[in-house]
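Working notes for the structure below.
Both ligands and their constituent atoms are indexed starting at 1 by order of listing.
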Amino acid sequence: MVLAFVDLDAGSLTPSATETLTLARELASTRGEPLRAMTFDDSGRHDDAPTAAELTTYGVVRWFRVAHPLLDAYSPELWGAASAQLVRTLAPSAVVASAGDRTTEVMAQTAARLDLPLAANCTTITATASGDEWRLTRVRNGGMLLEDAELVASTALFTVAAGAIEPAPASVVGDLTTETFSPVLDDTLPHARVIERTTRGDGVTLASARVVVSGGRGVGGADGFAPLEELAELVGGAVGCSRVATNNGWRPHRDQVGQTGTKVNPDLYIACGISGATQHWVGCMGAKHILAINTDPDAPLVSRATYAVIGDVGEVVPAVVAEIRRRTPSPLPLPAPGVGADGHDGDRPDL
Ligand SMILES: Cc1cc2nc3c(=O)[nH]c(=O)nc-3n(C[C@H](O)[C@H](O)[C@H](O)COP(=O)(O)OP(=O)(O)OC[C@H]3O[C@@H](n4cnc5c(N)ncnc54)[C@H](O)[C@@H]3O)c2cc1C
């Protein structure tokens, strides 16, 4: 069996979870094994039906909901202890998770508790039809090195780099069995307690946005983000930033993209006045397309971008906003993922 550790956002699969499930299903298929899934849910909603439907779509046949009162808030130690107990019980040939902050922490905890090897940030994983041998390529040194490696283990643990896998639902789906796994937990382990829950706004999150409009030093200050906010709203995207913007107090840290911020994998990343230092690049390199707006044609991000506009961000972004407004009398939000599978976005103007 291959076990996918599926991260949820308010009870729904995250984009990285769909990538994880796609790869885990391929590995399971190569080995002729079933695909199972493990989830934790700290959303406080506990509505299983939508999650079950999504897991079925991705080929999962058995779903373990890990549940315990101490797990209702995220804790790496407690979630790791619970995950280790389930992995020990199931003895899967592999456990596959996304390389997000939480999933990586939980997988590291699991590996350490069970003394199993963990290959982090994989871009490809190849299973042998049987046996304990796996081949993989993984990103190291913050994206500067791709390492080819072999892993031999009775249970191999992997995390998958964001954007490395194109998510695809299963061509054949079966019936899903749902099971609650209740671990035995030590309440002396460090854990968080939920004091209050507040609802998030309707806006898309940085990690799941299909378009991210990000600003750096070149934006010039907190006020300089206003046109970026406007552009993001017009295209149904989210605003991100570089560390210079957070260090200067122009944006909160939750908006930061990069090694010490959020790793994003949108369809389009619009980098406004960002040079593209390695620590920023590792956060946005999962984007399918990058548009760099920069006065410096030699900026690293300009060289790596799919498209570049050499110019002042203070002029270019307002011009783009004005052109979108001219073409669309009323703002059109991006369609939900899955809509417009032909690659066309209806009347939404091309950027
Ligand atoms: C341990 C560590 C972790 C880090 N983690 C992160 C991280 O998570 N995320 C992150 O972003 N950084 C991180 N950094 C910082 C990183 O090294 C860079 O310093 C930072 O990304 C630079 O931000 P910037 O591109 O906005 O600024 P700069 O490097 O100063 O670049 C500004 C860019 O704006 C352009 N520009 C200037 N004026 C204009 C204008 N009017 N119009 C258009 N373009 C203009 C310039 O040509 C330049 O390319 C980290 C550093 C360390 C040491």
Side-chain angles (χ1 to χ4, degrees), residues 15-16 98-105 108 120-121 139-145 159 161-164 205-209 211-232 235 237-266 268-287 289-324 351:
S16 54
S98 66
D101 291 343
R102 286 184 175 199
T103 39
T104 300
E105 277 185 325
N121 268 320
V139 181
R140 299 197 59 183
N141 294 10
M144 302 309 289
L145 174 72
T159 66
T205 64
L206 189 57
S208 63
V211 180
V212 173
V213 185
S214 210
R217 192 192 304 276
V219 165
D223 292 347
F225 276 84
L228 279 62
E229 294 269 13
E230 203 179 347
L231 177 56
V235 297
V239 173
C241 69
S242 73
R243 183 152 135 176
V244 165
T246 51
N247 280 354
N248 286 339
W250 302 345
R251 304 295 296 184
H253 181 262
R254 66 171 179 274
D255 287 358
Q256 184 178 312
V257 172
Q259 183 183 321
T260 46
T262 302
K263 297 186 177 54
V264 298
N265 52 351
L268 178 63
Y269 186 74
I270 306 177
C272 307
I274 296 177
S275 61
T278 304
Q279 296 88 354
H280 187 84
W281 172 247
V282 297
C284 65
M285 65 185 186
H289 304 94
I290 296 180
L291 165 63
I293 302 171
N294 202 305
T295 45
D296 179 4
D298 297 322
L301 203 53
V302 171
S303 322
R304 287 169 152 164
T306 329
Y307 315 100
V309 177
I310 305 305
D312 185 336
V313 71
E315 294 171 9
V316 176
V317 176
V320 172
V321 166
E323 183 60 17
I324 292 177
L351 288 177

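Of all protein heavy atoms, the one lying nearest to atom 47 (O) of ligand 1 is Asn294 OD1, 2.7 Å. Closest to atom 33 (C) of ligand 1, if we only count protein heavy atoms, is Gly273 O, 3.3 Å. Scanning the protein heavy atoms around atom 40 (C) of ligand 1, the nearest turns out to be Gly218 O, 3.5 Å. In this structure, atom 24 (P) of ligand 1 lies nearest to the protein heavy atom Ser242 OG, 3.6 Å. The nearest heavy-atom contact from the protein to atom 22 (C) of ligand 1 is Val244 CG2, 3.7 Å. The nearest protein atom to atom 25 (O) of ligand 1, hydrogens excluded, is given as Ser275 N, 2.8 Å; this is a heavy-atom distance. With hydrogens left out, the protein atom closest to atom 7 (C) of ligand 1 is Gln256 NE2, 3.1 Å, a heavy atom. The protein non-hydrogen atom at the shortest distance from atom 41 (N) of ligand 1 is Asp312 OD1, 3.0 Å.
Between the side chains of Ser98 and Thr103, at least one donor N or O sits under 3.5 Å from an acceptor N or O.
Every atom of ligand 1 is numbered from 1 in the order shown, and the set under 4.0 Å from a heavy atom of Gly261 is 8 (O). Near Gln259, meaning under 4.0 Å from one of its heavy atoms, ligand 1 places the atoms 7 (C), 8 (O). Ligand 1 places these atoms under 4.0 Å from at least one heavy atom of Thr260: 3 (C), 4 (C), 5 (N), 6 (C), 7 (C), 8 (O). Proximity to Val313 (heavy-atom distance under 4.0 Å) selects the following atoms of ligand 1: 40 (C), 42 (N), 43 (C). Using a 4.0 Å cut-off to heavy atoms of Ala277, the atoms of ligand 1 that qualify are 16 (C), 17 (O), 18 (C), 21 (O). Distances below 4.0 Å separate heavy atoms of Gly311 from the following atoms of ligand 1: 42 (N), 43 (C).
The closest side-chain heavy-atom distance from Leu268 to Leu291 is below 4.5 Å. Two residues are said to be in side-chain contact when any heavy atoms from C-beta on lie closer than 4.5 Å; Leu231 and Val211 fail this criterion. Side-chain contact between Ile274 and Tyr269 is present, with at least one heavy-atom pair separated by less than 4.5 Å. Within the 4.5 Å cutoff, side-chain heavy atoms of Cys284 are placed close to those of Val264.
Residue-to-ligand polar distances place Val257 within reach of ligand 1: an N/O pair is separated by less than 3.5 Å. Remark: ligand 1 and Gly216 share no N or O pair separated by less than 3.5 Å (distance only, no angle test). Looking at Gly314 next to ligand 1, no N or O pair under 3.5 Å apart turns up.
Judged purely by atom type and a 3.5 angstrom limit, His280 uses its side chain to pair as donor or acceptor with the backbone of Val257. With Thr159 contributing its side chain and Asn121 its backbone, the two residues share a donor-acceptor pair below 3.5 Å. No side-chain donor-acceptor contact under 3.5 Å links Asn248 to the backbone of Trp250.
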Show your reasoning for whether side chain to side chain contact (heavy atoms under 4.5 Å, CB included) applies to Leu228 and Val317.
CA-CA 7 Å; Leu228 279 62; Val317 176; 4.3 Å; yes
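Within the set Asn247, Asn248, Val219, Thr295, the minimum heavy-atom distance to atom 45 (C) of ligand 1 is found for Thr295. When the options Arg243, Arg217, Lys263, His253 are ranked by their closest heavy atom to atom 12 (N) of ligand 1, first place goes to Arg243.
The environment of Asp312 atom CG is dense: over 12 non-hydrogen atoms of other residues, nucleotides or ligands sit within 6.0 angstrom.
Within 4.0 Å of atom 49 (O) of ligand 1, at least one protein heavy atom is present.
For the atom pair Thr262 OG1 and Arg254 CZ, the distance stands at 10.5 Å (nearest 0.5 Å). Remark: Ser275 OG to Asn294 CG distance equals 7.5 Å, nearest 0.5 Å.
Using a non-hydrogen distance threshold of 4.0 Å, Cys272 does not register as a contact of ligand 1.
When all heavy atoms of Pro318 and Val313 are compared, the closest pair comes out as CD-O, 3.6 Å.
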